[in-house]
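Here is the naming used below: chain letters follow the sequence lines, and residue numbers restart at 1 for every chain. The figures that follow rest on heavy atoms only: side chains count, while hydrogens, waters and symmetry mates do not.
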Amino acid sequence: MSKKEEDVMELARRRGFIWAAFEIYGGASGFFDYGPLGTALKKKIETLWREFYTLGEGFYEIETTTLGIRPIFEASGHLECFMDKMVECKSCRGLFRADHVGERCPDCGGELSGPQDFNLMFKTRIGAVSDDKARSEAFLRPETAQGMFVNFPRLLRFHRNKLPFGIIQVGRAYRNEISPRQGIIRLREFTLAEAEVFVLPHEKSKHPRFHEVESVTMRLKPNYMDEELETTVKDAVERKIITHEYLGYHMARVQQFLEKIGIPLAKLRFRQHERDEMAHYAEDCWDAEFLSERFGWVEIVGVADRGDYDLRAHSLKAKADMSIPVTASKSEKMEEESRSLSVFPHVIEPSYGIDRIIYALLESSFHKEEVRGEVRRVLRLKTHVAPVEVAVLPLLNREPLVNKAREVFQMLRRHRIFAEFDASGSIGRRYRRQDEIGTPFCITIDYETLENDTVTIRDRDSMKQVRVSISELPAKLSCVCESIFA
RNA sequence: GCGCCGAUGGUCUAGUGGUAUGACCCAGGCCUUCCAAGCCUGUGACCCGGGUUCGAAUCCCGGUCGGCGCACCA
């Protein structure tokens, strides 16, 4: 294991970001809890994400059940896809899909075991049922998306039958991974933040705000090339590397969001799925991948063109037609007798793995450096995601400094700035404590404060200090709670 | 899921068939006019279950968790 990954996960555990779940009972693989600082970090990321899509894109957020009834997943393909029988080779332990192999192991020719179910969805039952009626079967959702698809008729009416529109959802999803590893990279319970953009198929080629992102430069790895290329979204769409403006637009927005919360662009690329790698519902898919020092390239966001797969499937299964009548417009030369056609909207889906993004932020913001012969660990988190926004510190643990510091501390919290107060030990020790959890600013109350009501603000990254008057503090510190969607 | 290896305070560790070492952290106190200084005091651990044994944290078996390899990851 690389030293840095050990260090960053040790820090995350010790300082209350991420803890193994059920630890006192020995834990369970693939489950993690967020501690006080991890929860604060996660909430900030989620809030910024919501703002990015609601204020930024005009999408509404909904909240649907985490448990889904059987027909949903029959229609979505998740049941069929994961009810596949798997067989195992008795000699080399290879695992294969039963429908892909014959009698013998394709690797070593060994004998294969009988078929077993390997369903990645957690199954449960609704109500007090004594039999195995399929009607009562329910599954924890493997993605939040289905809740947005099955509500499509309501959502369409809510939007007064106008397309396109986007819907977002943030919530837990569940996959019963066979063998989760790599800490919070592969979890059995995790948080997804997903946007489903419903758009008529013939409108995908033009996005009304494409010009806003057209000059965004991205690092792309198309599935038909062995090399990566770096180019603008506009160029990529024109050259058909990215198939249409809608996909390109949302890929660019994904990159902008990740950059704004602190993912270094140098460690980010978009990789197009191979044809045989694509999910069963996807027509096309580009993963935003983060280059982890520990795990290599890790998918943190998937941007998929799901086509009309889901709405078509639910329409058939539920016998609820979700196609849209499209009347022939003057601009589109349609044959006279073609009265009105009916089409299913297509879905463009940016799907963010919040836990992986948190890992990426921790790993990439973690720095270990030497200051005066001592090790300084510092999380260079962006100010607007730092769990503790400001620390208020009396220079010495002595009156009247402590009292004055408490006043400043209370004043900042009244201004909605989340501050921590710390008077223990030496001032240097307290600065280091805050560095380690990424607190961007430390306010120090010293003897000069008592004379003229000024304090020093210490910058985490440069360790430099400036003196400002107490009355200016809220304005000077407002960057810790500013929005980023604009 | 399979194979190999591992598991000692919050963290990192020493160690032995007779209940455990040190450091750091943390808490309280003293000191301290800006970057983990110093001094005093204190809290705190042998992953879980079974077996062998007078006695198991140590040996054996099983489990859990973790690392690595294989497989899996819609």
Side-chain angles (χ1 to χ4, degrees), chain A residues 1-2 5-7 9-16 19-31 35 73 76-84 86-97 105 107-108 113 116 118-121 142-143 145 175-183 185-188 190 273 276-282 285 294 298-299 302 304 306 309 353 370-378 393-398 401 424-436 442-450 455-456 458-460 462-465 467:
Chain A
M1 189 192 285
S2 79
E5 200 269 349
E6 275 177 15
D7 284 347
M9 290 311 287
E10 186 268 323
L11 185 149
R13 187 165 55 243
R14 183 164 46 79
R15 298 306 307 268
W19 294 325
F22 327 118
E23 214 174 358
I24 63 168
Y25 285 104
S29 194
F31 295 93
F73 302 112
S76 73
H78 287 94
L79 257 179
E80 190 187 344
C81 213
F82 294 111
M83 286 308 236
D84 279 338
M86 302 292 285
V87 291
E88 190 179 40
C89 172
K90 287 177 179 171
S91 48
C92 74
R93 296 295 175 187
L95 261 184
F96 308 96
R97 279 173 62 161
C105 172
D107 283 357
C108 71
S113 69
Q116 289 174 277
F118 271 82
N119 194 318
L120 263 66
M121 284 194 293
E143 57 176 6
R175 296 177 195 181
N176 199 359
E177 298 283 356
I178 293 169
S179 171
R181 275 187 201 175
Q182 309 175 328
I185 296 295
R186 245 173 105 190
L187 297 170
R188 288 181 164 133
F190 52 100
H273 278 207
D276 60 358
E277 180 188 3
M278 219 87 77
H280 60 278
Y281 51 71
C285 185
R294 165 85 172 92
V298 173
E299 174 197 357
R306 296 177 73 132
Y309 180 93
E370 199 175 302
V371 175
R372 301 187 186 197
E374 296 277 356
V375 174
R376 174 185 190 239
R377 277 181 290 266
V378 51
L393 316 169
L395 183 59
L396 298 173
N397 187 13
R398 187 182 283 177
L401 293 172
S424 76
S426 70
I427 188 73
R429 176 182 294 271
R430 285 176 268 149
Y431 288 147
R432 291 290 184 276
R433 249 184 221 143
Q434 298 299 330
D435 290 340
E436 203 173 60
C442 290
I443 308 298
T444 305
I445 280 68
D446 56 19
Y447 286 101
E448 195 178 332
T449 308
L450 304 174
V455 296
T456 58
R458 168 189 180 269
D459 173 68
R460 174 196 66 204
S462 65
M463 299 190 283
K464 296 216 169 87
Q465 291 175 297
R467 184 166 285 276

Heteroatom pairs (N/O) under 3.5 angstrom, protein to nucleotides 6-12 of chain B:
residue : atom : partner : partner atom : Å
B:U11   : O2'  : A:Glu10 : OE2          : 3.1

Which residues pass the side-chain contact (heavy atoms from CB on, under 4.5 Å) test with [X], not counting sequence neighbours?
{"X": "A:Glu436", "answer": "A:Leu11, A:Arg14, A:Arg15, A:Arg377"}
{"X": "A:Ser424", "answer": "A:Asp422, A:Arg433"}
{"X": "A:Tyr309", "answer": "A:His280, A:Tyr281"}

Take atom [atom1] in [N] and the same atom in [M], then report the distance between them in whole Å.
{"N": "B:C26", "M": "B:C68", "atom1": "P", "result": "30 Å"}
{"N": "B:G15", "M": "B:A45", "atom1": "C1'", "result": "14 Å"}
{"N": "B:C24", "M": "B:C39", "atom1": "P", "result": "9 Å"}
{"N": "B:A23", "M": "B:G63", "atom1": "C1'", "result": "33 Å"}
{"N": "B:G18", "M": "B:U11", "atom1": "C1'", "result": "30 Å"}
{"N": "B:U19", "M": "B:C30", "atom1": "C1'", "result": "36 Å"}
{"N": "B:C54", "M": "B:C70", "atom1": "C1'", "result": "47 Å"}
{"N": "B:A56", "M": "B:G49", "atom1": "C1'", "result": "14 Å"}

Hey, is the side chain of A:Arg188 poking within less than 4.0 Å of OP1 or OP2 on B:C72, counting only N and O atoms?
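So the side chain of A:Arg188 is outside the cut-off, no N or O lying under 4.0 Å from OP1 or OP2 of B:C72.
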
How many angstroms lie between atom [atom1] of [X] and atom [atom2] of [Y], to the nearest 0.5 angstrom?
{"X": "A:Leu396", "Y": "A:Thr444", "atom1": "CG", "atom2": "OG1", "value": "10.5 Å"}
{"X": "A:Ile445", "Y": "A:Leu393", "atom1": "CD1", "atom2": "CG", "value": "7.5 Å"}
{"X": "A:Ile178", "Y": "A:Arg188", "atom1": "CD1", "atom2": "CZ", "value": "9.5 Å"}
{"X": "A:Glu374", "Y": "A:Arg429", "atom1": "CD", "atom2": "CZ", "value": "9.5 Å"}

In whole Å, what is the span from the [atom1] atom of [X] to the [atom2] atom of [N]?
{"X": "A:Glu370", "N": "B:C35", "atom1": "CD", "atom2": "C1'", "value": "14 Å"}
{"X": "A:Trp19", "N": "B:G66", "atom1": "CH2", "atom2": "P", "value": "18 Å"}
{"X": "A:Glu374", "N": "B:C34", "atom1": "CD", "atom2": "C1'", "value": "15 Å"}
{"X": "A:Arg432", "N": "B:C24", "atom1": "CZ", "atom2": "C1'", "value": "15 Å"}
{"X": "A:Arg175", "N": "B:A74", "atom1": "CZ", "atom2": "P", "value": "7 Å"}
{"X": "A:Arg376", "N": "B:C25", "atom1": "CZ", "atom2": "C1'", "value": "19 Å"}
{"X": "A:Ile24", "N": "B:G44", "atom1": "CD1", "atom2": "P", "value": "18 Å"}
{"X": "A:Asp435", "N": "B:A36", "atom1": "CG", "atom2": "C1'", "value": "10 Å"}

Sequence neighbours left out, what passes side-chain hydrogen bond (donor to acceptor under 3.5 Å, both in side chains) with [X]? Give chain and number order.
{"X": "A:Gln465", "result": "A:Tyr431, A:Thr456"}
{"X": "A:Arg376", "result": "A:Glu369, A:Asp435"}
{"X": "A:Arg398", "result": "none"}
{"X": "A:Arg306", "result": "A:Glu143, A:Asp310, A:Glu349"}

Ignoring hydrogens and geometry beyond distance, is the side chain of [X] in donor-acceptor contact with the base of [N] at under 3.5 Å?
{"X": "A:Tyr25", "N": "B:C48", "answer": "no"}
{"X": "A:Arg429", "N": "B:C35", "answer": "no"}
{"X": "A:Glu177", "N": "B:A74", "answer": "no"}
{"X": "A:Arg186", "N": "B:C72", "answer": "yes"}

Please work out if [X] contacts a base, only the sugar-phosphate, or nothing of the nucleic acid, heavy-atom cut-off 4.0 Å.
{"X": "A:Ser29", "result": "sugar-phosphate"}
{"X": "A:Ala20", "result": "nothing"}
{"X": "A:Pro180", "result": "nothing"}

Provide the Watson-Crick or G-U wobble partner of [N], both distances under 3.5 Å; none if there is no partner.
{"N": "B:C54", "result": "B:G18"}
{"N": "B:C68", "result": "B:G3"}
{"N": "B:G42", "result": "B:C26"}
{"N": "B:C31", "result": "none"}

Can you tell me which nucleotide in [options] comes closest to the side chain of [X]?
{"X": "A:Thr444", "options": "B:A36, B:C34, B:C2", "value": "B:C34"}
{"X": "A:Thr456", "options": "B:C34, B:A74, B:C35", "value": "B:C34"}
{"X": "A:His280", "options": "B:A74, B:C34, B:A71", "value": "B:A74"}

By nearest heavy atom, map A:Glu436 and A:Glu143 onto RNA chain B; which one lands nearer the 5' end?
A:Glu436

Using heavy atoms to find the nearest nucleotide of RNA chain B for A:Pro142 and A:Ile445 separately, return the residue whose nucleotide is more 5′.
A:Ile445

Heteroatom pairs (N/O) under 3.5 angstrom, protein to nucleotides 27-33 of chain B:
residue : atom : partner  : partner atom : Å
B:U32   : OP2  : A:Arg398 : NH2          : 2.8

side-chain contact (heavy atoms from CB on, under 4.5 Å) evaluation trace for A:Arg467 with A:Asp446
CA-CA 11 Å; A:Arg467 184 166 285 276; A:Asp446 56 19; 2.5 Å; yes

